[in-house]
Amino acid sequence: MQPALHITTKVLPGNKIEIELPEAEIGDSVDVFVILPEKPKVKRRSAIEIIEEVHAKRTPKSAEEIDRQLQEERDSWDS
């Protein structure tokens with residue numbers, strides 16, 4: 001059976017990796033397999049879905065409450 005070595009490493013600047021092989025000697029040929037981790041697919045949402053989500057999280061306001069907030073905003077312009 002062929003010896004195998006499993007190493008997890010970080011990608012270095014320049015998109016390079018470095019591997020140390022304690023059992024190998026200078027000049028030995030080796031096969032290297034690089035398996036990239038699967039990246040989760042980002043689910044793209046429509047603007048309508050985002051707006052619906054925002055509205056679902058908000059507490060509904062009464063017309064009086066909205067009028068009061070608008071009046072407070074208008075009053076702040078006069079200051």
Side-chain angles (χ1 to χ4, degrees):
M1 178 189 271
Q2 288 180 300
L5 179 63
H6 177 253
I7 297 174
T8 301
T9 187
K10 299 271 185 195
V11 177
L12 301 173
N15 292 343
K16 297 179 180 183
I17 60 171
E18 186 174 284
I19 301 172
E20 292 184 29
L21 302 173
E23 304 87 22
E25 295 184 21
I26 295 173
D28 285 352
S29 292
V30 297
D31 293 322
V32 178
F33 296 88
V34 177
I35 302 171
L36 300 173
E38 287 188 34
K39 294 187 179 183
K41 292 183 181 180
V42 178
K43 181 183 177 246
R44 298 190 57 96
R45 299 184 300 166
S46 71
I48 300 283
E49 289 174 318
I50 294 169
I51 291 169
E52 287 173 348
E53 181 181 328
V54 168
H55 284 294
K57 291 181 181 178
R58 292 178 128 178
T59 56
K61 296 181 181 180
S62 66
E64 293 81 19
E65 192 174 1
I66 294 170
D67 288 340
R68 182 184 52 77
Q69 288 178 333
L70 289 173
Q71 189 59 50
E72 287 174 1
E73 182 66 25
R74 287 186 192 112
D75 292 343
S76 71
W77 298 344
D78 297 333
S79 305

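Only this structure's heavy atoms are used, side chains among them; waters, hydrogens and symmetry mates stay out. Numbers here are sequence positions counted from 1.
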Student: Could you grab the distance from atom CD of Glu18 to atom NZ of Lys16, nearest 0.5 Å is fine?
Tutor: 10.5 Å

Student: Rounded to the nearest 0.5 Å, how far apart are CD1 of Ile50 and CZ of Arg45?
Tutor: 4.5 Å

Student: Write down the atom of Leu5, the atom of Glu20, and the distance for their closest heavy-atom approach.
Tutor: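 Smallest interatomic distance, heavy atoms only, reads CD2-O, 4.1 Å.
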
Student: Quick one: NZ on Lys10 to CD1 on Ile17, what's the gap to the nearest 0.5 Å?
Tutor: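 Lys10 atom NZ to Ile17 atom CD1 measures 13.5 Å (nearest 0.5 Å).
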
Student: Of all residues at least two apart in sequence or in a different chain, which pass the side chain to side chain donor-acceptor pair (under 3.5 Å) check with Glu72?
Tutor: Arg68

Student: With a 4.5 Å cut-off on side-chain heavy-atom distances among I, L, V, M, F, W and Y, is there a chain of contacts connecting Val30 to Ile26?
Tutor: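 The answer is no; the residues belong to distinct hydrophobic clusters.
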
Student: Indicate whether the side chain of Gln71 and that of Asp75 have a donor and an acceptor atom separated by less than 3.5 Å.
Tutor: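 Yes, a side-chain donor-acceptor pair sits under 3.5 Å.
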
Student: Report yes or no: do Ile7 and Leu12 belong to one cluster of Ile/Leu/Val/Met/Phe/Trp/Tyr joined by side chain heavy-atom distances under 4.5 Å?
Tutor: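 Ile7 and Leu12: separate clusters.
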
Student: Within the 4.5 Å heavy-atom criterion, are Gln69 and Arg74 side-chain neighbours or not?
Tutor: no

